[in-house]
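We number each residue from 1, following the sequence as shown. Atoms within each ligand, like the ligands themselves, are counted from 1 in listed order.
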Amino acid sequence: MKTINDFNFENKKALIRVDFNVPLNEKFEVTDNTRIQAAKPTIIKVLEDGGSAVLMSHLGRPKGVQDEFSLRHIVDEAANVLGVQVKFVYNCVGQEAEDAVAAMEAGEVLLLENLRFHEEETKGDVGFAEQLSKLGDIYVNDAFGTAHRAHASTTVVAQFFTDSKCFGSLLAKEIQSIDKVLRSGQKPVTAVLGGSKVSSKITIIENILDAIDHLIIGGGMTYTFIKAQGGQIGDSICEDDKQELALEILRKAAEKGVQIHLPVDVVGADAFDNNANTRVVDVKAIPDGWQGLDAGPETLKNFHEVILQSKTILWNGPLGVFEMENFAKGTIALGHSIAEATENGAFSLVGGGDSVAAVKQFGFADKVSYVSTGGGAMLESLEGKTLPGIAAVEN
Ligand code: AMP
């Protein structure tokens, strides 16, 4: 795997695919600059080598050219975060863009206009990618969030840089983190999968069974497993047509020597409501009219023990309906367990959608080893798919 550390960018123009798809308020101000921060190390390395950085990104889902999606809105914030002046050009290809790049000097940063103002970007058009390729000497992909898309700037453009292409430090870190969990992790390896549905996690479970020693199942997925085993789940969320699949997963896990840990007790509620009446119930004996919305105390104790003896931990999906304060305790407790294991030397990766939101919301982001920045891309990696954006740089 080639990264920016394998190149010296002195007097070179780096064409860097970043993910500056940041949220804006109604005044077009950036409300969360995490993604710009995340790209900073790569950009600074290029500048410190004595090179210049041509940045390309998408913003939102424009239909043609729409000023509200112009990347000009984020120039000031990018300059603040990077601590250098950021120039801007109102197109990402063509004469205007080529002239702006030609005028750049070492140490300068140029941001190109939104790639998706051209429909060729998402179509992965080869001619468009070739035009982009004229804007740099070395191609750097540092956008994990779009690495699962075969778009012109994330994938196709790489073919025009035979040897002069590499991963930025953010994307490299993402790849290394997934690798640590799925291939080179210190044992025991534990995966915690929560969230609402078995159906959205099934491919992940099948793919990771060979790599893990323990599988903790929590959240709404629990009840499909419990019902399949003959338990009474009351009104809890359940995918009836996935019960056979759940039993199949349990069989496969047993065959591969993976220990499965399911909740034994849950916080039952008499409505899907933060103010519902609650009581701790046996997961296999939830009365009608009640539904499990969070993990119970015995369950959390069991999970804690498994987590603390793990050396590598993957966490995807909350243990309960964490959006409601009264059902967030299980997810928070799990966060504490993973933070403690991490402090004791375990490697922990949090990735994919809602668990990332939960980890940020409850303040665990800097207490775990790595929080993935790419929701869909992380999920596809965990499913064992080869991401086109990664393959294109490796080829
Ligand atoms: P996912 O996107 O599949 O990771 O699912 C995340 C969602 O699962 C969150 O919005 C949670 O509120 C929801 N969830 C977790 N536990 C439960 C549960 N016991 N019942 C219903 N929804 C749940």
Is the ring pair F9/F7 parallel, tilted or perpendicular, if the boundaries are 30 and 60 degrees?
tilted
Which word best sums up how the rings of H73 and F28 line up, parallel for under 30°, tilted for 30 to 60°, or perpendicular for over 60°?
parallel
Relative to atom 23 (C) of ligand 1, which among V321, D354, L319, T331 owns the nearest non-hydrogen atom?
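Ranked by closest heavy atom to atom 23 (C) of ligand 1, first place is V321.
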is_close_aromatic(F128, H118), centroid dist under 6.0 Å:
yes
Pairs of nitrogen or oxygen atoms closer than 3.5 Å, one from [X] and one from ligand 1: do any exist?
| X | value |
| --- | --- |
| F272 | no |
| K201 | yes |
| D294 | no |
| K197 | no |
| G219 | no |

Under 4.0 Å between a Lys/Arg side-chain N and an Asp/Glu carboxylate O for [X] and [Y]?
| X | Y | result |
| --- | --- | --- |
| D210 | K256 | yes |
| E340 | K367 | no |
| D49 | K12 | no |
| D137 | K13 | no |
| R279 | D270 | no |
| R251 | E255 | no |

With heavy atoms only and a cut-off of under 4.0 Å, state how Q291 meets ligand 1: side chain, backbone, both or neither.
neither
Show me which atoms of ligand 1 lie under 4.0 Å from any heavy atom of Y223.
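Checking each atom against Y223, I get 19 (N).
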Would you mind running through ligand 1 and noting each atom that sits below 4.0 Å from a heavy atom of G292?
18 (C), 19 (N), 20 (N)
Heavy-atom nearest neighbour in the protein, as seen from [atom], with distance rounded to 0.1 Å:
| atom | value |
| --- | --- |
| atom 11 (C) of ligand 1 | E323 OE1, 3.6 Å |
| atom 15 (C) of ligand 1 | G320 O, 3.2 Å |
| atom 20 (N) of ligand 1 | I237 CG2, 3.6 Å |
| atom 17 (C) of ligand 1 | G220 N, 3.4 Å |
| atom 5 (O) of ligand 1 | S196 N, 3.0 Å |

Quick one: closest heavy-atom pair of F20 and A78, and the distance?
CE2-CB, 4.5 Å
Answer yes or no for F327: is there a heavy-atom contact with ligand 1 below 4.0 Å?
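Outside the 4.0 Å threshold, so no.
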